[in-house]
**Q** 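My questions all concern the structure below.
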Amino acid sequence: MHTAIIIHGRPDEEEYFDDKFDSPSNSFWIPWIQHKLLINKIFAQTPEMPTPYNPNYNEWKKEFERFDINENTILVGHSRGGGFIIRWLSENNIKVDKVALVAPSLISEVGSDFYNFNLDKNMLSKANNFKIFYSRDDEEEITLSVENLIKEIPEIESHIKYFDNMGHFDSDMGTREFPELLEFLIS
C-alpha cells in the first residue's frame, strides 16, 4: 500500500500565531492534495512540524521519522518542506517511490544550520520518480535554490515542471487545487 507524507513550508511567526490563518499543514493546496490522495487509496499524512516559523532540522527530522518510510512512500515537500526532504534524502540511504518538491527552498536565514549538509549528487536514484514544481515568478530565494540544484545535479533539470504564474504555490495560485501535482502523484 502506498503512503504519502506531505511536509509544509515555513510560515512567518506572525502568521503562525494569527488565528485568521490555517495551520501550515492545512494551508494552500495541502488539504486538497491530501483528500485527493485518500480518495485514490493513498494514505496521506500532513504532519505539523515543530516551530515551523523557526525550523530546527533535528526537530523536524524526529517528527518526520515517526512515519514508516520505504519503497512505497511518496514524499511531498513545499518550500522549506522541500528543502527538508532534499537534506533528509541526502543523509539517508533509503529508496522511496516518488518525490515531489514544490518551490523547494535551500537557503537558510542567517544563523540557521537547517541546510548545513552535503547534497547527495545521486539523489535522483533514491526515488522511482522525482519531480520539482517551480514557477518562474517565485521569490528570489526559490529561484536561487532551483538554480543551485541544477548546477549541482544537472540531470535534475529534466525533472522540473515549469510554470509561469504560480508564484510560491501559496495564495499566489488563486486556488487550493493543484491538479498537476495530483497527476504526478497518482500516475
**Q** Roughly how far, to the nearest 0.5 Å, is CG of L124 from CG of N128?
**A**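 If we round to the nearest 0.5 Å, N128:CG and L124:CG are 12.0 Å apart.
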**Q** Given side chain to side chain contact (heavy atoms under 4.5 Å, CB included), test I150 with I160 step by step and report yes or no.
**A** CA-CA 10 Å; I150 293 169; I160 298 176; 3.7 Å; yes
**Q** Measuring from E63:CD to I5:CD1, what's the distance to the nearest 0.5 Å?
**A**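 CD1 of I5 is found 10.0 Å from CD of E63.
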**Q** Between the side chain of D120 and the main-chain N/O of N122, is any donor-acceptor distance below 3.5 Å?
**A**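 Side chain of D120 to backbone of N122: a pair is present.
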**Q** With D164, which residues qualify under salt bridge (charged side-chain N to carboxylate O under 4.0 Å, His left out), at least two apart?
**A**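 Residues passing salt bridge (charged side-chain N to carboxylate O under 4.0 Å, His left out) with D164: R136.
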**Q** Would you mind reporting whether M49 and P47 have side-chain heavy atoms less than 4.5 Å apart?
**A**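 In contact.
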**Q** Dump the intermediate steps for side chain to side chain contact (heavy atoms under 4.5 Å, CB included) on F163 and D138, then the final yes or no.
**A** CA-CA 10 Å; F163 294 85; D138 204 334; over 6 Å; no
**Q** Within the structure provided, determine whether E48 and S25 are in side-chain contact (heavy-atom separation under 4.5 Å).
**A**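 Side chain of E48 against side chain of S25, heavy atoms only: contact under 4.5 Å found.
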**Q** Let me see the working for N54 and T51 under side-chain hydrogen bond (donor to acceptor under 3.5 Å, both in side chains), right down to the final yes or no.
**A** CA-CA 5 Å; N54 185 23; T51 58; 5.8 Å; no
**Q** Identify each donor-acceptor pair in which a side-chain atom of residues 32-44 lies under 3.5 Å from a protein atom, sequence neighbours left out, and give them as a table.
**A**
{"residue": "Q34", "atom": "NE2", "partner": "A44", "partner atom": "O", "Å": "2.9"}
{"residue": "N40", "atom": "ND2", "partner": "K36", "partner atom": "O", "Å": "2.8"}

**Q** Step by step, work out the side chain to side chain contact (heavy atoms under 4.5 Å, CB included) result for F117 and L106.
**A** CA-CA 11 Å; F117 73 103; L106 286 170; 4.3 Å; yes
**Q** To the closest 0.5 Å, what do you measure between CG (L182) and CD1 (I186)?
**A**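 L182 CG to I186 CD1: 4.0 Å, rounded to 0.5 Å.
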**Q** L101 and I107: same hydrophobic cluster, using ILVMFWY side-chain contacts below 4.5 Å?
**A**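 Different hydrophobic clusters.
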**Q** According to salt bridge (charged side-chain N to carboxylate O under 4.0 Å, His left out), does anything in residues 170-187 pair up with another residue at least two apart or in another chain? List the pairs.
**A**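 Listed by first then second residue: D22-R176.
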**Q** Can D97 and N72 be said to form a side-chain hydrogen bond (donor to acceptor under 3.5 Å, both in side chains), step by step?
**A** CA-CA 5 Å; D97 185 36; N72 292 315; over 6 Å; no
**Q** Output all residues satisfying side-chain contact (heavy atoms from CB on, under 4.5 Å) with F21, sequence neighbours left out; order by chain, then residue number.
**A**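 F21: side-chain contact (heavy atoms from CB on, under 4.5 Å) contacts with E15, D18.
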**Q** Show the atom names and distances, to 0.1 Å, of all donor-acceptor pairs under 3.5 Å that link a side chain in residues 152-159 to residues at least two apart or in another chain.
**A**
{"residue": "E152", "atom": "OE1", "partner": "K121", "partner atom": "NZ", "Å": "2.7"}
{"residue": "E157", "atom": "OE2", "partner": "Y162", "partner atom": "OH", "Å": "3.1"}
{"residue": "S158", "atom": "OG", "partner": "E155", "partner atom": "O", "Å": "2.9"}
{"residue": "H159", "atom": "ND1", "partner": "F130", "partner atom": "O", "Å": "3.0"}

**Q** Say you draw a straight line from CE of M123 to CD1 of I85; how long is it, rounded to the nearest 0.5 Å?
**A**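 With rounding to 0.5 Å, CE (M123) is 10.5 Å from CD1 (I85).
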**Q** Taking everything shown except K62 itself, do over 12 heavy atoms lie less than 6.0 Å from its NZ?
**A**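 Incorrect, the count does not exceed 12.
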**Q** What about I142 and L119, same hydrophobic cluster or not, with Ile/Leu/Val/Met/Phe/Trp/Tyr joined at side-chain heavy-atom distances under 4.5 Å?
**A**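 Per the 4.5 Å side-chain linkage, I142 and L119 are co-clustered.
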**Q** With N116, which residues qualify under side chain to side chain donor-acceptor pair (under 3.5 Å), at least two apart?
**A**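 Residues passing side chain to side chain donor-acceptor pair (under 3.5 Å) with N116: none at all.
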**Q** For T143, what residues pass the side chain to side chain donor-acceptor pair (under 3.5 Å) criterion, not counting sequence neighbours?
**A**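 Checked T143 against side chain to side chain donor-acceptor pair (under 3.5 Å); matches are Y134.
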**Q** State the CD-OG distance between E139 and S79, to the nearest 0.5 angstrom.
**A**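 Answer for the CD-OG pair, E139 versus S79, is 6.5 Å.
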**Q** Looking at W60, F169, F64, which hits ring pair (Phe, Tyr, Trp, His ring centres under 6.0 Å) with H8?
**A**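 Exactly one candidate clears the test, W60.
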**Q** Apply side-chain contact (heavy atoms from CB on, under 4.5 Å) to N56 and list each qualifying residue two or more places apart in sequence or on a separate chain.
**A**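 So N56 forms a side-chain contact (heavy atoms from CB on, under 4.5 Å) with N58, E59.
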**Q** Let me check something: do F84 and I6 share a hydrophobic cluster, defined by ILVMFWY side-chain heavy atoms less than 4.5 Å apart, either directly or through other members?
**A**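 Different clusters.
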**Q** Identify whether F67 and I94 are in the same connected component of the hydrophobic contact network (ILVMFWY, side-chain heavy atoms under 4.5 Å).
**A**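 Yes, it is one cluster - the side chains of F67 and I94 are joined through contacts under 4.5 Å.
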**Q** Do side-chain atoms of K95 reach the backbone of K126 as a donor and acceptor pair under 3.5 angstrom?
**A**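 Such a contact is absent between K95 side chain and K126 backbone.
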**Q** Test side chain to side chain contact (heavy atoms under 4.5 Å, CB included) on E141 and R80; report intermediate values, then the result.
**A** CA-CA 11 Å; E141 169 188 332; R80 182 64 50 100; 4.2 Å; yes
**Q** Without hydrogens or angle criteria, can the side chains of S23 and N26 be said to hold a donor-acceptor pair below 3.5 Å?
**A**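 Note: S23 and N26 side chains meet the donor-acceptor criterion.
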**Q** For H2, enumerate each residue passing the ring pair (Phe, Tyr, Trp, His ring centres under 6.0 Å) test, keeping only those at least two apart in sequence or located in another chain.
**A**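 With sequence neighbours excluded, H2 shows a ring pair (Phe, Tyr, Trp, His ring centres under 6.0 Å) to no residue whatsoever.
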**Q** Given the rule that I, L, V, M, F, W and Y join up when any side-chain heavy atoms are under 4.5 Å apart, are V76 and V96 in one cluster?
**A**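 Shared cluster, no.
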**Q** Please check if the distance between the ring centroids of F133 and F178 is under 6.0 Å.
**A**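 Yes - the distance between ring centres of F133 and F178 falls below the 6.0 Å cut-off.
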**Q** Taking all non-hydrogen atoms of both residues, which atom of P11 and which atom of P24 are closest, and how far apart?
**A**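 Answer, listing the atom of P11 first, then P24: CG-CG, 3.7 Å.
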**Q** Could you go step by step and tell me if S135 and H168 meet the side-chain hydrogen bond (donor to acceptor under 3.5 Å, both in side chains) rule?
**A** CA-CA 7 Å; S135 186; H168 193 53; over 6 Å; no
**Q** Would you mind listing every side chain to side chain donor-acceptor pair (under 3.5 Å) that reaches into residues 81-93, with sequence neighbours excluded?
**A**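 Sorted result for residues 81-93: Y57-E91, E65-W88, R87-E91.
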**Q** Can you name the residues that form a side-chain contact (heavy atoms from CB on, under 4.5 Å) with N129, not counting sequence neighbours?
**A**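 Partners of N129 by the side-chain contact (heavy atoms from CB on, under 4.5 Å) criterion, ordered by chain and then number, come out as K98, F184.
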**Q** Not counting sequence neighbours, which residues clear ring pair (Phe, Tyr, Trp, His ring centres under 6.0 Å) with Y53? List them please.
**A**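 Once residues adjacent in sequence are excluded, the partners of Y53 under the ring pair (Phe, Tyr, Trp, His ring centres under 6.0 Å) criterion are Y16, F17.
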**Q** Nearest 0.5 Å please: distance from the CG atom of L75 over to the CD1 atom of I69.
**A**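 One gets 6.0 Å once the value is rounded to the nearest 0.5 Å.
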